[in-house]
Amino acid sequence: GQQLNQSPQSMFIQEGEDVSMNCTSSSIFNTWLWYKQDPGEGPVLLIALYKAGELTSNGRLTAQFGITRKDSFLNISASIPSDVGIYFCAGRVNQGGKLIFGQGTELSVKP
Amino acid sequence: GAVVSQHPSWVICKSGTSVKIECRSLDFQATTMFWYRQFPKQSLMLMATSNEGSKATYEQGVEKDKFLINHASLTLSTLTVTSAHPEDSSFYICSASPRMNTGELFFGEGSRLTVL
């Protein structure tokens, strides 16, 4: 079945540093979504990508939809303590279809 | 914005009892809702797709008689864990989209089930 490989699994960084995480797939996806999940809560949508090559920003967050449609990355610039959490990539083959999740990247930010 | 709400946020029950979790879309109508399950330190696993007015579609390995899904209206889907056992303890999260053709999916707050 379809799988998303997300890396790294965890990151420990200093406040102010930039962060980068990515997802790859053996299958083509037509939508890539990036979510952040805090402990005990549901995922919150950060960025949605719909076109191959698309680069989208949301504040300090920037995400890109890979040209091959098999990968995506998320960058966080100038990290702050509230960036702590688990970040998930998710992909969809068809609009309205199932959303497949990556394994998550746990981010820790040291003040 | 698109708001999805779940209730209860946490529940503790005895083994053998049934538990119902509600998922509501508060500011939009959702013909389709999705139910996910998440174990500690793991990713979200899709359990089933809930379709308004018709039967749910279950993922492989998910027992439909164990996890009953009812999508009776365009704003409400329910998940009932029947005859719950300790191994059913998990974080259950629902999701929905106000515009299925855009691909965005919004999640509820999640419901933590603990079966004693």
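Numbers restart at 1 for each chain; the letters A, B, ... are given by sequence-line order, proteins then strands. All values below were derived from every heavy atom in this structure, side-chain atoms included, with hydrogens, water molecules and symmetry-related copies excluded.
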Could you have a look at A:A48, A:G104, A:P43, A:A90 and say which one has the most heavy-atom pairs with chain B under 4.5 angstrom?
-> A:P43
Check the hydrophobic clustering (I, L, V, M, F, W, Y; side-chain heavy atoms under 4.5 Å; chains of links allowed) and say if B:M33 and B:F28 are grouped together.
-> no
Below 4.5 Å from any heavy atom of chain B, which atoms of A:Q37 appear? Answer side chain, backbone, both or neither.
-> side chain
Under 4.5 Å between side-chain heavy atoms, hopping through other hydrophobics if needed: is there a path connecting A:L33 to A:F101?
-> yes
Non-hydrogen side-chain atoms of B:F106 and A:V44 separated by less than 4.5 Å | no
Is A:M21 reachable from A:F29 through a run of hydrophobic residues whose side-chain heavy atoms are each under 4.5 Å from the next?
-> yes
B:L68 and B:W35: same hydrophobic cluster, using ILVMFWY side-chain contacts below 4.5 Å?
-> no
With a cut-off of 6.0 Å (strictly less than), are more than 12 heavy atoms of other residues, nucleotides or ligands near NE2 of B:H85?
-> yes
For atom CD of B:E87, decide whether the heavy atoms of other residues, nucleotides or ligands shown that lie under 6.0 angstrom number more than 12.
-> yes
In terms of hydrophobic clusters joined by side-chain contacts under 4.5 Å, are B:F91 and B:V11 together?
-> no
What is the distance from atom CD of A:E41 to atom CD1 of B:I93, rounded to the nearest 0.5 Å?
-> 10.5 Å
Measuring from B:L105:CG to A:K98:NZ, what's the distance to the nearest 0.5 Å?
-> 13.5 Å
Enumerate by number any residue of residues 36-55 of chain B whose heavy atoms lie under 4.5 Å from heavy atoms of chain A; in the absence of such residues, state 'none'.
-> B:Y36, B:Q38, B:K41, B:Q42, B:S43, B:L44, B:L46
Taking atom OG of B:S97 and atom CZ of A:R92, what is their separation to the nearest 0.5 Å?
-> 6.0 Å
Answer with side chain, backbone, both or neither: which region of A:L99 has an atom nearer than 4.5 Å to a non-hydrogen atom of chain B?
-> both
Would you indicate whether B:K66, at its atom NZ, is surrounded by more than 12 heavy atoms from other residues, nucleotides or ligands within a distance under 6.0 Å?
-> yes
